[in-house]
Amino acid sequence: MSHPERLGKYRITETLGKGAMGIVYKAFDPDIQRTVAIKTIRKELIDDDERAGMMMARFKNEARAAGRLAHPGIVAVYDYGEADELAYIAMEFVQGASLRAYFTREARMEERDIVSLMVQLLDALQHAHEAGVWHRDIKPANIIIMTNGRLKVADFGIARIDTSALTHTGAVMGSPGYMAPEQYKGEAVDWRADIFAAGVVLYQLLTGVRPFTGSPEQLMYRVCYDDPPPPSAAAPGRDWERYDPVVARAIAKRPEDRHPSAAAFKDAILHAYAEPVSPTISEETIILEPARAGVYDPSQPSWQTDRTGSGATPLPQSVPGAPAAASRSSPPSRPPTTPPGDAATDPDRTTSRSGTRAPTLGGLAATLPPETRSGLKWAFGGAAVVLVLIAAAIVGWLARGGGSDAAPQPAAIAAPPTADPAAQQRAAAQAREAERAAAAARAHAEREAQEAKRAAEASARAEREAREAKRAAEASARAERDAAEARRAAEARAQAKAAAARATEERRAREEAQRAAAARAPAESERSRAASAAATSPPAPARAPNFFRDEATTMKVATKLQFSRALMREQIDVRTVGGVVTLSGSVASHENRALAERIASGVSGVVRVQNALRVAGE
């Protein structure tokens, strides 16, 4: 199906992805002159009006939650609109790959990249939490690593806003394996659910595996009751012992036992790392493909041909112990005909008769600093030119007879005048040959001098470029320092604003408490009169049925029954109409039948319990 040409003011250019409920497009905003991503939802694909209303409410909630956040680590939302049967959100167009894609390729990050990723993630979560937004679905698929090494948090579709009544206690939402225990149990959820999910992500980054695995039922039980092995045990030999307490506190079962905030979680990671943190993920992690089993063999040279015969397969730089490979440089103008160890392609090494390589002068010089190597190159070049000139002078001198006081030469070179004509001709030919050799030596010396001059000019250019690069690096470092200072100032302002807001809220709460205390006395007397009147009046009928309230009550009762160890294996069906809960099915004993009725009666929102459970064998 072809995509629409426009959605509102946005011009659709291509399709980025398709899902069960809608399509994500790449579009262009003509007003701001920028590329955006358009996330759509098709209302006619939802099978009933009530579910359609709920899905649309979730869709709007994503726009509200992300739209009130302005942070470089969160995907920005620009606009919300509706067109025909579509509702859409215009958001920031991000180029990169999700963290799930890295896990799918079994990429293992270095410690510096793990810490950088977690610091960026927790900074974004801290900003969202201070704005009163809990994400509640933090997982690798919602963490995007951009091509510049920065991180973006996406998909606030089930986020909880502190002023929103869209979600409530009893609703189970999230992604299995990353949901906190309180999300499985249908209890109240706050920002500490995001701390739990971030702890699961850190565990997976450190070990390469998730802490909780299995079927949905096994996942629910293990998240709520089991403790996974610490990262140092799940990935032995990686020296992760210092991160064990950090992860254990982040994925604690009770919310009050976790890190009190995302900022506190970040401080614990930085304390364990105890080194400067890079603001971005390293280029090697972003660009290079991870090593795959059966393709990369560290014992093979970096010039081997891949299995498809398409060309050279450079070693990944991220593999420890692998030789450096210029994977991002331009390919050579012609393929090598010998391996790198051959003398034809490796001038800094020589091969002995036994086949082993021995270090030479060039190989030793490669270990020296660039300035020393440049000086040595000039010294050896000058010495070579001098030697060539001396050799040319000696050959010319010999050709001219060696001077007036020269020693007698062999007869074949300097024959006496009385020698035969053939000997004189041979001597003349030898003299001409010597002259030609001297001329060739002089020409060679001139070429060497020109090459040396060009090398000097290239060295001077390289030095100038090095100075320029150094100045650029210093400017970049200054820019990073300025950016860090600006970020710290912004964080300080945000903290001051949050503190002022908390003080205002506390003052308002005290005022409300005072007003409530002033009105408590007449309210108490009115309550006692109402209680006495209610004692003589007939019982109130069950409230009118409400689909969403009854569904939430059914979910809470079922969750409570399922998490009872005595009733976990019983076959109990729960149905709620107008607050009246009906229990049906079979149980093993009368004690379990009574226990099920007591548990259901204690759930908030239950008006009455109709116990239709049968005891097995009766």
Side-chain angles (χ1 to χ4, degrees), residues 118 121-122 125 128-129 133-143 155 157-160 162 167-207 209-231 233-234 243-262 264-265 268 551-570 572 574 599-600 602-605:
M118 290 302 302
L121 171 62
L122 293 172
L125 290 180
H129 295 168
V133 177
W134 348 125
H135 191 284
R136 302 198 302 174
D137 196 21
I138 293 296
K139 58 183 178 180
N142 291 335
I143 300 172
D155 197 355
I158 65 169
R160 175 71 165 88
D162 56 0
T167 57
H168 49 81
T169 302
V172 178
M173 289 177 292
S175 296
Y178 300 91
M179 293 166 55
E182 59 268 24
Q183 290 176 280
Y184 276 113
K185 296 178 181 179
E187 299 174 351
V189 177
D190 58 16
W191 70 92
R192 290 170 291 191
D194 292 345
I195 301 296
F196 183 93
V200 175
V201 172
L202 175 58
Y203 188 102
Q204 193 170 358
L205 285 168
L206 293 172
T207 64
V209 297
R210 292 191 299 176
F212 308 104
T213 57
S215 65
E217 295 79 8
Q218 293 171 336
L219 269 176
M220 179 171 61
Y221 183 85
R222 289 170 181 170
V223 168
C224 294
Y225 298 110
D226 290 349
D227 291 325
Y243 293 105
D244 288 348
V246 180
V247 174
R249 187 175 184 186
I251 61 175
K253 306 301 181 187
R254 301 194 309 165
E256 55 269 21
D257 294 337
R258 299 172 199 151
H259 298 285
S261 66
F265 190 4
E551 284 296 316
T553 303
T554 299
M555 185 176 293
K556 288 190 286 185
V557 172
T559 303
K560 293 291 185 181
L561 293 175
Q562 187 174 6
F563 278 93
S564 172
R565 293 184 180 274
L567 302 177
M568 182 176 295
R569 300 185 181 277
E570 301 290 358
I572 301 175
V574 181
I599 291 176
V603 175
S604 61

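What you see is a predicted model; the values in this text were computed from it and never measured.
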Closest heavy-atom contact between Ala250 and Gly199? CB-CA, 3.8 Å
Spacing of CZ belonging to Phe265 relative to CG belonging to Leu125, to within rounding of 0.5 Å: 9.5 Å
Would you kindly say whether Gln204 and Tyr178 are connected by a side-chain donor-acceptor distance under 3.5 Å? yes
How close do Asp194 and Arg136 get, heavy atom to heavy atom, and via which atoms? OD1-N, 2.8 Å
For the residue pair Leu122 and Ala262, what are the closest heavy atoms and their distance? O-CB, 3.5 Å
Do Thr207 and Pro229 come within less than 4.5 Å of each other through their side chains, counting heavy atoms only? no
Would a 4.5 Å heavy-atom cut-off, applied to side chains only, mark Glu182 and Phe196 as touching? no
Between the main-chain N or O of Arg192 and the side-chain N or O of His129, is there a donor-acceptor pair closer than 3.5 Å? no
Return the CG to CG distance between Leu205 and Leu121, rounded to the nearest 0.5 Å. 9.0 Å
Nearest non-hydrogen partners of Ala252 and Asp257, listed with the distance: CB-CB, 3.7 Å
Inter-residue atom distance Asn142.CG - Asp137.CG, 0.5 Å rounding: 5.0 Å
Is there a donor-acceptor pair under 3.5 Å between the side chain of Lys253 and the backbone N or O of Asp226? yes
Between Val200 and Lys139, is a side chain to side chain contact (heavy atoms under 4.5 Å, CB included) present by the stated rule, with each step listed? CA-CA 8 Å; Val200 175; Lys139 58 183 178 180; over 6 Å; no
Is there a donor-acceptor pair under 3.5 Å between the side chain of Trp191 and the backbone N or O of Pro260? yes
Measuring from atom CD1 of Ile572 to atom CD of Gln562, what distance do you get when rounded to the nearest 0.5 angstrom? 10.5 Å
Any chance you could measure Arg222, atom CZ, to Phe212, atom CZ, to the nearest 0.5 Å? 10.0 Å
Heavy-atom neighbours of Lys560 NZ exceed 12 at 6.0 Å: no
Shortest non-hydrogen contact from Ile251 toward Pro228: CD1-CG, 3.8 Å
Roughly how far, to the nearest 0.5 Å, is CZ of Arg249 from CG of Asp244? 15.5 Å
Looking at every non-hydrogen atom in both residues, tell me the closest pair between His259 and Ala268 and how far apart they are. CE1-CB, 3.9 Å
